[in-house]
Visitor: 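Before I ask anything, here is the structure I am working with.
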Amino acid sequence: MPSPLAKRSVETLLSVLLVMLSVLGAAGPSAAAAGPPGSPGPDWERIAACESNGRWHINTGNGYHGGLQIDPATWRAYGGRRYAPRADLATRDEQIAIGERIVRDRGLSAWPNCARTTDSGDSTPRAMAQTSSAAPAPQAAPRTRSLTSPGHTTARTYVVQPGDCLSVIAERAHTPGGTTSLYDLNKDTLDQGPDHIYPGQRLRLRA
C-alpha cells in the first residue's frame, strides 16, 4: 500500500501537468490568431531619393514640395498643417508621418513611379486594386512623376515634368556646361530664374 507521502507527490505532479496543459492550450489559439508579422512599410528613403534626390527641404516652384514631393492640397488634407505650411518646411519625420497617412488611405498610388523602386510595397487589397486598375493607363492621372522619368525628349529639347529641377534635367540630358549652360539656353523661358520651372515648359538642351 503506497504511503501518504507518495500519494501526495503523485497528486502534486498531476496538478502541475494539468496546469501546464491548460497554459499550452490557451497559448495555441492566441499564437494562431496573431498570425505572421506585418509586412514592412514603404522605404521612404528610396522613394525620396527617386522623387527629389533625397532632398527633404526642396522647393523648385513646380507645385510639389519636400522629399516626397507632396502638393499643398494633399499636405493640408492629411493634416500636414499641424507641422508646417508646406511639406518642404517640415522635418523629414513629419513628412514621413503624412506619407504614412496617405498610404493608409490610398496605398502607394500617390507615387506611381517611385513606389516601384522599393523592395517592399503596399500589398493591401486597396493598393492592389488601385495598381490593377491603373495598369492599363498608368499616365491617366498621376499626381507625381519620377525624377528619373525620361519625359518627352527629342534630340535637343525636353518637356518639364512634375518633380523636375534644372540640375537634374542637365545631368540626365548630359547638357554641355551643366546647369549654368542649360539656364543660359533657356533664359527667355525661365524668366523668373533657374529655380522656377513648371511642368509643360519646353527647354532647349543644346545650343
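Values reported hereafter were calculated over all heavy atoms of this structure, with side chains retained and with hydrogens, waters and symmetry mates removed.
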Visitor: What is the distance from atom CG of Leu205 to atom OG1 of Thr157, rounded to the nearest 0.5 Å?
Guide: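 It comes to 6.5 Å.
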Visitor: Identify the two heavy atoms, one from Gly67 and one from Ser52, that lie closest to each other, and give their separation to 0.1 Å.
Guide: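 Of all heavy-atom pairs spanning Gly67 and Ser52, the closest is O-OG, 2.9 Å.
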Visitor: Would you mind reporting whether Leu89 and Asn59 have side-chain heavy atoms less than 4.5 Å apart?
Guide: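 No, every pair of side-chain atoms sits at 4.5 Å or beyond.
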Visitor: Please indicate whether Asp191 has more than 12 foreign heavy atoms, meaning atoms of other residues, nucleotides or ligands, lying under 6.0 Å from its CG.
Guide: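 Check passes, neighbour count above 12.
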Visitor: For the residue pair Ile197 and Asn186, establish whether any side-chain heavy-atom pair is separated by less than 4.5 Å.
Guide: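 Result no, sub-4.5 Å side-chain heavy-atom pair not found.
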Visitor: Can you tell me if Trp75 uses its side chain to pair, donor with acceptor, with the backbone of Ile70 under 3.5 Å?
Guide: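 No, because the side chain of Trp75 does not come within donor-acceptor range (under 3.5 Å) of the backbone of Ile70.
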Visitor: Given side chains that start at C-beta, do those of Asn113 and Gln161 come closer than 4.5 Å, heavy atoms only?
Guide: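 Sidechains of Gln161 and Asn113: no contact.
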Visitor: May I ask you to decide if Gly66's main-chain N or O and Gln95's side chain share a donor-acceptor pair within less than 3.5 Å?
Guide: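 No; judged by distance alone, with no hydrogens or angles, the pair does not exist.
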Visitor: I need the minimum non-hydrogen distance between Ala84 and Ala90, along with the two atoms involved.
Guide: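 That would be CB-N, 3.8 Å.
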Visitor: Using 0.5 Å steps for rounding, measure from the CZ atom of Arg206 to the CG atom of Leu182.
Guide: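 If we round to the nearest 0.5 Å, Arg206:CZ and Leu182:CG are 10.0 Å apart.
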Visitor: Taking all non-hydrogen atoms of both residues into account, name the closest pair between Pro112 and Ser109 and its distance.
Guide: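 Between these two residues, the closest heavy atoms are CD-O, 3.5 Å.
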Visitor: Report the relative orientation of the aromatic rings in Trp111 and Trp44; use parallel for angles under 30°, tilted for 30 to 60°, perpendicular for over 60°.
Guide: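 The arrangement is perpendicular - the two ring planes meet at more than 60°.
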Visitor: Mind checking whether Trp56 and Glu45 have side chains closer than 4.5 Å, heavy atoms only?
Guide: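 The answer is yes; the side chains approach within 4.5 Å.
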Visitor: Answer whether the closest heavy-atom distance between the side chains of Ile47 and Leu108 falls below 4.5 Å.
Guide: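 Yes; the side chains approach each other to less than 4.5 Å.
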Visitor: Under a 4.5 Å cut-off applied to non-hydrogen side-chain atoms, are Pro194 and Thr179 in contact?
Guide: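 Side-chain contact under 4.5 Å: no.
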Visitor: So do Gln69 and Asn62 actually touch side chain to side chain, heavy atoms under 4.5 Å?
Guide: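 Answer yes - side chains close enough.
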Visitor: Just by modelled atom types, is the Gly79 backbone N or O under 3.5 Å from a matching donor or acceptor in the Arg82 side chain?
Guide: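 No, because the side chain of Arg82 does not come within donor-acceptor range (under 3.5 Å) of the backbone of Gly79.
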Visitor: Determine, using the 4.5 Å side-chain heavy-atom cutoff (strictly less than), whether Ile58 and Ile169 are members of one ILVMFWY cluster.
Guide: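 Unlinked, Ile58 and Ile169 end up in two clusters.
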Visitor: Less than 4.5 Å apart, side chain to side chain, heavy atoms only: is that true for Glu94 and Ile98?
Guide: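 In short, these two side chains do not touch, never coming nearer than 4.5 Å.
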Visitor: When you measure from the side chain of Asn53 to the backbone of Arg55, do you find a donor-acceptor pair of N or O atoms at a distance under 3.5 Å?
Guide: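 No; zero donor-acceptor contacts below 3.5 Å.
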Visitor: Applying the 4.5 Å side-chain criterion to the ILVMFWY set and letting contacts propagate, would Leu190 and Leu185 be lumped into a single cluster?
Guide: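 They do not share one cluster, since no chain of ILVMFWY contacts under 4.5 Å joins Leu190 to Leu185.
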Visitor: Of all the heavy-atom pairs spanning Gly178 and Ala170, show the shortest one and how long it is.
Guide: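 Closest approach of Gly178 to Ala170, heavy atoms only: C-CB, 3.7 Å.
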Visitor: As an exercise, state the distance from CG of Leu166 to NE2 of His196, rounded to the nearest 0.5 Å.
Guide: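 One gets 12.5 Å once the value is rounded to the nearest 0.5 Å.
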Visitor: For the hydrophobic clusters of this structure (ILVMFWY residues joined by side-chain heavy atoms under 4.5 Å, transitively), does one cluster hold both Tyr198 and Tyr183?
Guide: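 Tyr198 does not cluster with Tyr183.
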